[in-house]
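Quick notes on the structure that follows.
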Amino acid sequence: MAKLDGEIAFITGATAGFGEAIARLFAAEGARVIATGRRSDRLEALKSDLGDGCLTVTLDVRDRTAVESAIAGLTNEFAEVSILVNNAGLALGRAPAWEADIDDWETMIDTNIKGVLYCTRAIMPGMVDRDRGHVINVASVAGNHFGPGGPVYGATKSFVTQFAMNTRADLIGRNVRVTSISPGMSETEFDIVRTGNPDANFYEDFKPMTSDDIAQVLLDIVTLPSHVNVNTLEVMPVAQTFGARLVHRGPSKGA
Ligand code: NDP
């Protein structure tokens, strides 16, 4: 018997990176998978690989009405979602707070925060009714550690973890699990999206994690005995560690 027989996984951002790898691994382990994202051509390619066990839904998670109607319209064999992976997300830019583009901030807030809220709010009632389910939010180490060049991205990811854990508190007495996973540097399309440069090669000269690494971690989390809840989990490549204590010496740069 495959590890995820009988599970139905709704995965946001399944057209690339972590989400696509999670969809492929979960399907290989017997789950029925609802793969979502904005790029229909990529969803079609995924569906042709995964077959009838995969339902694709072209979906922008920023669109609340579209999220609600996509979930309400799931066909019978996919309706009882037992695993929600709130993965769709992005970082835009590396500018400091006083120079960043406010439109970029709003896009990150709408995708990384509101998208997670809309999907959770639409799918969790069914999990509560069936007294069975697992919600996994993909946060980031950027939400756990302070650093320059991403004030709003990091803040959205802190939100994701805080929301997951407060939701878990709401779920006292219910057999619904909630996990927030915070990955470190992983080679996906993330940095291409962040910089707008298709040739961006941020991962040169060190060994980052891969999408398959993260998919494996999620599989491990969801296949633990159903009474075991991984609350928060941070995962990094060995090559990545933490910043040194920074101090600026000398006169203010603004003088
Ligand atoms: P990718 O850019 O490779 O994939 C991002 C996915 O999110 C795509 O499938 C994209 O699909 C989807 N997405 C983006 N915006 C929307 C939207 N408005 N509606 C629906 N789907 C959307 O990046 P990753 O796989 O790396 O990123 C996945 C998650 O992991 C993100 O939340 C990211 O913040 C987080 N993360 C990534 C890290 C890394 O180093 N790579 C580290 C820590 C966290 P489409 O464009 O087709 O809509």
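Order of listing sets the numbers, starting from 1, for every ligand and every atom in it.
Set against the non-hydrogen atoms of Met185, the atoms of ligand 1 under 4.0 Å away are 40 (O). Shown in contact with Asp60 at under 4.0 Å from a heavy atom are these atoms of ligand 1, numbered in order with element: 17 (C), 18 (N), 19 (N). Annotation for ligand 1: atoms under 4.0 Å from non-hydrogen atoms of Tyr153 are 33 (C), 34 (O), 35 (C), 36 (N), 44 (C). Per-residue contacts place Arg39 under 4.0 angstrom from the following atoms of ligand 1 (heavy atoms of the residue considered): 8 (C), 10 (C), 11 (O), 45 (P), 46 (O), 47 (O). Using a 4.0 Å cut-off to heavy atoms of Gly17, the atoms of ligand 1 that qualify are 3 (O), 25 (O). When each atom of ligand 1 is checked for a heavy atom of Gly89 under 4.0 Å away, the hits are 5 (C), 7 (O), 31 (C), 32 (O). Taking every heavy atom of Thr15 and a limit of under 4.0 angstrom, the matching atoms of ligand 1 come to 8 (C), 9 (O), 10 (C), 11 (O), 45 (P), 47 (O).
For Ser211, the heavy-atom gap to ligand 1 stays at 4.0 angstrom or more. Heavy atoms of Ser182 come nearer than 4.0 angstrom to ligand 1 in no pair at all. Residue contact annotation: Leu59 has a non-hydrogen atom under 4.0 Å from ligand 1. Heavy atoms of Glu20 stay at 4.0 angstrom or farther from ligand 1. Residue contact annotation: Pro183 has a non-hydrogen atom under 4.0 Å from ligand 1.
Among all protein heavy atoms, the one lying closest to atom 21 (N) of ligand 1 is Ala88 CB, 3.5 Å. With hydrogens left out, the protein atom closest to atom 24 (P) of ligand 1 is Thr188 OG1, 3.4 Å, a heavy atom. At the top of the distance list for atom 27 (O) of ligand 1, counting protein heavy atoms only, stands Phe18 CD1, 4.3 Å. At the top of the distance list for atom 14 (C) of ligand 1, counting protein heavy atoms only, stands Arg38 NH2, 3.4 Å. For atom 31 (C) of ligand 1, the closest heavy atom belonging to the protein is Asn87 O, 3.2 Å. The nearest heavy-atom contact from the protein to atom 4 (O) of ligand 1 is Ala16 CB, 3.9 Å.
No side-chain donor-acceptor contact under 3.5 Å links Lys207 to the backbone of Pro237. Put simply, the side chain of Asn87 gets close to the backbone of Thr12: a donor and an acceptor are under 3.5 Å apart. Under a 3.5 Å cut-off, the side chain of Ser82 and the backbone N or O of Ile8 do form a donor-acceptor pair. The backbone N or O of Arg62 sits nowhere less than 3.5 Å from a side-chain atom of Asp110 that would complete a donor-acceptor pair.
By the 30° and 60° cut-offs, the orientation of the rings of Phe202 relative to Phe206 is perpendicular.
For the atom pair Ile83 CD1 and Glu7 CD, the distance stands at 4.5 Å (nearest 0.5 Å). Summarising the geometry, atom CG belonging to Asp170 is positioned 8.5 Å from atom CE belonging to Met124; distances are rounded to the nearest 0.5 Å.
Compare Val235, Val61, Thr58 by their heavy atoms: the one nearest to atom 19 (N) of ligand 1 is in Val61.
Taking only nitrogen or oxygen atoms, main chain and side chain alike, Val141 does not reach within less than 3.5 Å of ligand 1. Among the atoms of Tyr203, none of the N or O lies under 3.5 angstrom from an N or O of ligand 1. Annotation: Gly13 places an N or O atom under 3.5 Å from an N or O atom of ligand 1; distance criterion only.
Inspection of the Asp220 and Gln216 side chains reveals an N or O donor paired with an N or O acceptor under 3.5 Å. A donor-acceptor pair shorter than 3.5 Å cannot be found between the side chains of Ser186 and Asp213. A donor and an acceptor atom, one from each side chain of Ser40 and Thr58, are located under 3.5 Å apart.
Nearest approach of Met127 to Leu84, heavy atoms of both residues: CE-N, 3.7 Å.
For the side chain to side chain contact (heavy atoms under 4.5 Å, CB included) with Arg177, the qualifying choice from Ile136, Leu224, Val135 is Leu224, the only one to do so.
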